[in-house]
Amino acid sequence: MCPSRERLSTMLKLQLSLLAFLFLLVVSLGDASLLRTRRLSPSTEETVETYNKYYSYVELTERLQSLARKYPHIANLSSIGQSVEGRELWAMRITSDPSTDTPGKPKFKYVGNMHGDETVSRQVLVYLVEYLLAKYGEEPRITELVNSTDIYIMPSMNPDGFERSIEGDCSGDNGGRNNARNVDLNRSFPDQYDGTATNPEKIPEVMAVIRWIREKKFVLSGNLHGGTVVASYPFDDSASHQRQGQYSQSADDILFRFLALTYSQNHPVMKTGQPNCPDAMDETFKDGITNGAQWYDVPGGMQDYNYLFGNCLEITVELSCCKYPFASELHKEWNMNRESLLTYMEKIHIGARGYVKDNISGAALTNVSIVVEGIRHNLTTGKYGEYYRLLLPGTYNITAVAPGYAPMTVHGVQVMEGKATELNFTLTPLVTDTAGSITENKNSPSLPLPEHHAIQPQEFRHHNYADMELFLRKYSSEFPSIAHLISIGSSVEGRELYVMVISDSPMVHEHGEPEFKYVANMHGNEVVGRELLLNLIEYLCRNYGTDPEVTELVNNTRIHIMPSMNPDGYEVATEGDVKGYKGRNNSNNFDLNRNFPDQFITITEPRQPETIAVMNWLKSTPFVLSANLHGGSLVVNYPYDDDKDGLNKYSQSPDDKVFQQVSRAYSQENPLMHNGRPCEDLYPSENFKDGITNGASWYNVPGGMQDWNYLNTNCFEVTIELGCVKYPLAKDLPDYWEHNRRALLQFLHQVHTGVKGTVSDSSDGTGIPNATISVAEIDHNITTAHTGDYWRLLTPDEIPFLISISFFLDKVVVVDFRLERLHSDTNGQAPPLSEKELRDLIKDLSLGQGLDELVKSSATENNFRYRPYKELSEFLRGLTLNFPNITLLHSLGQSAEYRTILALEISNKPRESEPSKPKIRFVAGIHGNAPVGTELLLEFAALLCINYGKNPAITRLINETRIFIIPSINPDGRERAVEKQCNSTKGFANINGIDLDTDFFGNSSQRMVKAQPETRAMMDLILDKGYTLSVALDGGFLVVTYPYDKPVQSVENEGTLKYLAGVYASNHPKMHLGVTGCSNNGQSNIPDGVMRAAERKSHMGSMKDFSMDFGHCPEITVYTGCCLFPPADQLATIWAENKKALLSMLVEVHKGVRGVVTDKSGKPVVGAIIVLNGGVRVFTQEGGFFHALLAPGIHNIEAVADGYQEQRQEVVVSNYEAATSIAIVLDMDNNIFGLPREFVVASAAASMTALVVTACIIWCVCAAKSNHQKDGFHRLRQHRDEYDDEIRLASMGSKKSLLAHEFQDESESDEETLYANKI
């Protein structure tokens, strides 16, 4: 019997839905992966711009990411850093081929929303991004602009402030202007008049932009604001900081006015000069532009920083009277600003442009100064030797100046309207003749040197010990021809007493050349001298060869600079200390300036190690003149410092006139000191005529260093008090440099006053050492140095003198410059290597003596010691401060005792994702009682940074590799461990007693307890980063182990793992011999120094195994020696043993096989599985890139991805060649359920058709029956009276009928009731 019509209809619908679902399922199976990987179409991914809403941070992020995906050939989105609250500072790069740097394209930037509540710029810059991308290829103007310019657009520099702002707030009353720490970002940049006043930790947005500016070397920029309608140009403040009306003119003032007019005259409102803002109706700006300081004074502004420190010309543009207008105004604002934005960008192509290269080698020269005569503002060349000098039409004389090269001037350069004039320079190196003088290549034309402006220090901060140490090592390495770093001893706590020697021959005393010294920070809390001497080191090194005064001083003087004689005291002193004593004394609590032997009284305190070191140093070097830099007043103090009666009265030395002369030489060059009234608020009674004083006349100081110098050596020393505040704030340091830089140089010149000569044997001319030089009427003799030379400081009226041995005099003369070729600045970056250059580099370092030569050429001066956690973290931060362009410090998490676990990233672009480069991880300190690896990795990081830009191989390796160094995973354990304990377990585990190398479990079901915080931090790092290789350092053995630590019968890819371990061992002088010499482990003979980890000590949950199984990265563990915690004096030897092996890992990570996986359209396939030899798997990363290390030999590679056909290739891996690069192109998989797609689809279609036909037939039959029964029902109703009795009787006699009537459903139709009655 057929069901009812309604039920049939419902069933039919279900059948049809099921059939449709089945059909879609079958068809879609073939396209599953395509749907998963296909980029969304523009219609779905990106909504049409409506210009009627503001984008929140999330919406802005999605919008920019969407645009970058839609236009990958001309757009690349990256973050330059994060805000206080962790929001990304997005910058969209728009240019042809945006993933690479192409020479010849100047860099332009727009920055918006610096003040969070000034919001029009944020939206307008998004519209500009959309406009440039959409019109590229359609409008010739836009196409030309994008092809010829490297454009960077940052819509929001202050995303935190924007999120707090309120739409409709025109005056900024509701907050949002400042960042999340309530700091105004446009008052927080280093200022030319006031230095840096803001704590960098409060302004991560500013610090990120500063790094961005310095790295990119932008040429032109616009900073977009709101609150009125005008274009403002530098300078933004003046020295007087007058609130308004003070025109502060830059060297490029006319050019800046032109650039500002370019914007204003293309803006329909701005060009009128009458913004008519409701809150300032009377405010007008002629032609719509204004000088920043004349409008109102803005110290710490971004536009001035760009111009003074960034090679970049920037103006500030105010776009609207209302800071946060309603969104309905946005379309109008875009229309008013569009032409101005485009026209201003086009001005980047005016002026002069070109390249500077070496005339001999043809190599590009970076950081060459481009000097335009008559304009007192220089810029420097970029990493390809390129420069872009914006100039107005006219005739110019342009000079290129570089240390170690003859300058080159081109006269009469014609700059026309429109495109820039091409002007290239080739500089000729200066060469050294046989006499040691510097001469110019005679074939080069004689060129006049333009007026020189010395390079001033750019960064002012307080340097802790680690920071200072890295600073000194950096300059010693960067300027090896004139700077040499030595240590003369150690402090009580083992800190080195560093001295930087600066001279044209810094490592030896040159006959006839006087020795000079500056010593600072003798009292640990008197810190100004420490920072000034670091500034002086930078000044001398940077200006040698270009500044005549500096070059003469360095060539004719051996200058010794000790920034800190009391490094222990400094570490406990406190910034802001005005006249306190905390940190003044050394760690034994002795005042070092009361600790020298005295002529009048006996010093009973024990001689301190710092004092002894300085005394030995002075006895070994024939110093002539010296200054000891202190703080607490403002005066030059000269001997004697005490007198025989112990009274505060004038204590005159025999050379009192000389001391007064050299003291005045300093004080007269200090604009404040010579006034003689230094600290009226603190010490109102102090008054020093001419800014100088006799020491004992001021106050009595027995045991002082200056008197000991004069009485026991040839050296004349004065003590210089540099300021009333002992430990001033860092923001004040630029003022101290400005007040003292001329004085420091002028005092240095005094070493060349008086007379000098040689005492020699008349028979053979041999110099006579220790001959006495006596001056009539001066009761103070000096002696000749080792080769008979001497220097006697005298005033002009003291020249007549007597001498105890015959001699001859010669006068002080100026000698020829001795310039050596100086290497490029470490901030410079070499262009990326070509494929062939990289292969050649890896081959050179893998064969012969290549790696040995690299070890020799990358030597750095070091003094090893064990660093506690505080010093370790300071050292890492010091690396980022001294090498900001190649380092980035990551916080991975915190230990159980809340010490931060730090990771240092080293790369030429540490803030960019570079998936094509291999990543290598160096890890140490998982066991706190084995800290050798920690110290090795810190030194390894320093070696890489210091040699970057100087050692070509190191530079290229860093440029082509992403290096992560995690020196201490278990800092809590390290703090408890004890030195010289070879077998102690103290510190082995973390503070919770857990061996961290048993705590790595990737599967939560394997865990009985929660992971330790140190473990969690490392697991997150391993999982989040696509590493190619990991090297872990441990101690207690001399061997390299490879996975696994857990007991397994066989290890996939064991040949490769063993090979990698063998590479390290083979580059270690002892390890590869296999004879450990360790009596504490019972294993003395290990073949080739390599073993599987489980064979040494089998255990579960190791970091090595986790890296293999979940990070898909091979990890080897290097045990650096038998003793877990050897004495510190063994570290230098252990470093020498491991240096080559560590460098070999940087080479090895570039081998194996690498490549990219794409589909047929060229789209990268991310997440594809690369199967190596049918076992080990790696995955493609961003961009479809992969890199896998393999042992030398022939290997099978399979690429597998959902929805694509498998691809197989065979590769050959060499032990000395760079990785074989392969391109894998995946085709769609046309099989479904193992059958051809066409057959499956056709079969599905046929099946569905048959089912549909069957359903139709069933429906038709049931419909016909339903009609027939319906007719019978109607006839029955017509004769109801006739059948009533019959039906009733029949019903009463039928139990089924009774039941049917009793339980009939109320919803049943008449037909259904009838059918029920008839059953």
Side-chain angles (χ1 to χ4, degrees), residues 920-927 929-930 932-933 936 969 982-983 985 988 995-998 1000 1029-1109 1111 1113-1124 1126 1134 1137-1138 1140-1142 1144-1145 1148-1149 1151-1152 1172-1173 1175-1176 1189-1193 1215:
I920 184 169
R921 185 173 69 238
F922 292 94
V923 185
I926 196 168
H927 296 130
N929 63 336
V932 170
L936 295 184
I969 302 175
C982 288
N983 302 308
T985 59
F988 174 80
D995 177 358
L996 297 180
D997 204 37
T998 63
F1000 286 80
L1029 176 62
S1030 177
V1031 180
L1033 304 186
D1034 208 337
F1037 204 17
L1038 190 63
V1039 71
V1040 185
T1041 66
Y1042 60 88
Y1044 282 91
D1045 281 299
K1046 61 188 176 184
V1048 291
Q1049 295 300 317
S1050 61
V1051 177
E1052 287 184 339
N1053 208 26
E1054 182 171 9
T1056 294
L1057 299 173
K1058 189 173 183 178
Y1059 166 76
L1060 293 172
V1063 170
Y1064 193 102
S1066 65
N1067 285 289
H1068 189 287
K1070 298 178 181 176
M1071 198 176 291
H1072 73 281
L1073 301 175
V1075 180
T1076 67
C1078 300
S1079 59
N1080 56 350
N1081 52 53
Q1083 295 172 302
S1084 59
N1085 192 1
I1086 309 297
D1088 301 322
V1090 171
M1091 66 189 307
R1092 190 195 302 180
E1095 296 174 357
R1096 178 181 178 271
K1097 184 180 179 182
S1098 175
H1099 64 280
M1100 303 295 290
S1102 75
M1103 181 171 65
K1104 184 192 292 99
D1105 294 0
F1106 183 87
S1107 180
M1108 283 288 293
D1109 292 338
C1113 169
E1115 178 171 294
I1116 61 172
T1117 301
V1118 177
Y1119 294 87
T1120 58
C1122 302
C1123 184
L1124 289 168
I1134 299 173
E1137 293 171 349
N1138 285 274
K1140 180 181 176 182
L1142 288 168
S1144 74
M1145 295 292 97
E1148 201 62 33
V1149 78
K1151 299 178 184 178
L1172 309 174
N1173 300 316
V1176 176
L1189 299 181
L1190 293 166
N1215 64 347

Is the shortest side-chain heavy-atom distance between [X] and [Y] below 4.5 Å?
X	Y	value
V923	I969	yes
M1071	E1137	no
Y1044	K1104	no

Side-chain donor/acceptor of [X] to backbone N/O of [Y], under 3.5 Å:
X	Y	result
H927	N929	no
K1151	L1189	no
D1105	G1101	no

When rounded to the nearest 0.5 angstrom, what is the spacing between [atom1] in [X] and [atom2] in [Y]?
X	Y	atom1	atom2	value
D1045	D997	CG	CG	6.0 Å
E1148	L1029	CD	CG	8.0 Å
I1086	F1037	CD1	CZ	4.5 Å

For [X] and [Y], which heavy atoms make the closest approach, and how far apart are they?
X	Y	answer
P1043	E1115	CD-O, 3.3 Å
S1107	C1113	OG-O, 2.8 Å
I1134	P1126	CD1-CG, 4.0 Å
Y1064	S1144	CA-OG, 4.5 Å
T998	D995	OG1-O, 2.7 Å
V932	L1124	CG2-O, 4.2 Å

### Electrostatic pair D1109:K1046 at N-O distance under 4.0 angstrom
yes
### Query
Under 2.5 Å between the SG atoms of C1078 and C1122?
yes
